[in-house]
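A quick write-up on the structure given underneath.
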Amino acid sequence: MKLWEGRFEKPTAKSADLFNDSLPFDKKLWAVDITASVAHATMLGKCGIISDEECDKIVGGLKTIYGRIERGELEIVGAEDIHSFVENELVKEIGETGKKLHTARSRNDQVATDFRLYVRASFDKIKNSLGRLIRSLCDRANDGLKYIMPGYTHLRKAQPICAGHFFNAYSEMFLRDMERVTESRLRMNVMPLGSGALAGTSYPIDRNITAKLLGFDKPCGNSLDGVSDRDFVAEYLFDGSMILSHLSRLCEDIILYSTEEFGYFEISDEYSTGSSIMPQKKNPDIPELIRGKTGRVYGHLMAILTTIKAIPLAYNKDLQEDKEGLFDAEAQIIGCIDIMAELLRNISLKHANMKRAAESEFCCATDVADYLAKKGMPFRSAHAVTGKIVRWCIENKRTLQNMTAEEYKTFDPLFEEDICEVVKAWACAKARTSEGGASPVSVRQNLKTIKKRLDKLTETR
Ligand code: ARG
């Protein structure tokens, strides 16, 4: 039965129903819809808008329906949307009294409230998943304290770094994501219920009662905005897009570093895939798929931004388009974070290759220039002298590590015996003790701060 059929002479066309109905996807909101209705009925009872007996009957009926759906005894079909479905079932369950539930309420404030409850819980799920991911990264950073690898700029070897530094960099990104999710959740935790269709209601409702029952910080301040604000959906999808962007960068690094050409990481067999034709292949499908799903989540963000951009006040049916993209994005975001947390535990670091790479291609050249500059030569001149040394090495097939102190001295008298120690990859990394730098000491400090921030964020809602 339609909630609004009284005004119509003819039933809607089948095709119009099919096009209009949201039940096939908004049935996902069944639990939050019932929860919000229980709170609404309780408030109506407390305010004397319905009697205590009516309130008890409605709440009892709603709880019965909840249990039936939960146990899989009641199939969610045969209505326009989840709100109509629950109301129809309630009337079937408790009779005429069920028809009082919708007093002082519209589906417009109802759906806005339901969806906020759903998205709020989803923010919490994302936060938990991010927490687990960061813990995986911290474990890898801790292993990496013992190892060295090249750091890159322009995807060319640049300077040696302690391997833990690499993992901490991603922890920093995901910590920002966790903060962003926490802030978004805080901003959206405002209750539209009581906004009615658009203008509020003439019944003596108490919105603070419902807000408290549903865990909202407060009722929204403007009913027109309350029923039509979907900023929180866009914000959720932006937060998710940023997470996917960070995951995608990490995937790209994992894919590159696990190639034969780089050879720094090895992905375990359990998280690798093969080729149907090339027997030798061991492919990184999991990080590739995460990288691929990034586009899909960005797409959902673009879709909602476009949907809401020209919605006149207040509610318009366009807003029904807020759900499917978010539901799909939610599955992708949480799925990607969780599999990455697992994947990270199943990557081994090939430290001999990493060390060899950190000493090749003149990664330590900056340290040669710094050596001269620290002895008084202006850095720009030291840079030029080191450039000549690099050129000489290339021409003579030599490295900064196998040059003798005597050979260094031919380029400048400031060089002494200790230069041969300075150009070892570990020495270069160890020297970068500035705050946030790549030395094991700095990386250990960074790791400590990351864990502290993570603990604090895990505690806060
Ligand atoms: N299915 C609708 C939605 O998701 C529920 C609200 C319907 N309101 C209305 N005025 N038709 O937005």
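First listed ligand is number 1; within each ligand, the first listed atom is number 1.
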Can you confirm if the NZ or CZ of Lys27 lies within 45° of the ring axis of Trp30 and under 6.0 Å from the centre of its six-membered ring?
no
Lys/Arg cation over aromatic Phe115: Lys323, 6.0 Å, 45° cone:
yes
A quick test of your reading: do over 12 heavy atoms of other residues, nucleotides or ligands sit less than 6.0 Å from [atom1] of [X]?
X      : atom1 : result
Glu73  : CD    : yes
Gln280 : CD    : yes
Arg180 : CZ    : yes

Got the closest protein heavy atom to [atom], with its distance?
atom                    : result
atom 8 (N) of ligand 1  : Asn108 OD1, 2.9 Å
atom 11 (N) of ligand 1 : Arg107 NH2, 3.8 Å
atom 2 (C) of ligand 1  : Gln320 OE1, 3.2 Å
atom 6 (C) of ligand 1  : Tyr315 OH, 3.5 Å

Where on Glu80 is there a heavy atom closer than 4.0 Å to ligand 1, on the side chain, on the backbone, on both, or on neither?
neither
If we set the cut-off at 4.0 Å for heavy atoms, which region of Asp322 has an atom near ligand 1: side chain, backbone, both, or neither?
neither
Using ring centroids (six-membered ring only for Trp), state whether Phe123 and Tyr118 fall under 6.0 Å.
no
So Gln320 and Phe25, do their side chains get closer than 4.5 Å, heavy atoms only?
yes
Would you say Lys323 has any N or O atom under 3.5 Å from an N or O of ligand 1, going by distance alone?
yes
Any N or O of His83 that comes nearer than 3.5 Å to an N or O of ligand 1?
no
Atoms of ligand 1 close to Ser22 [distance to a heavy atom under 4.0 angstrom, numbered from 1]:
1 (N)
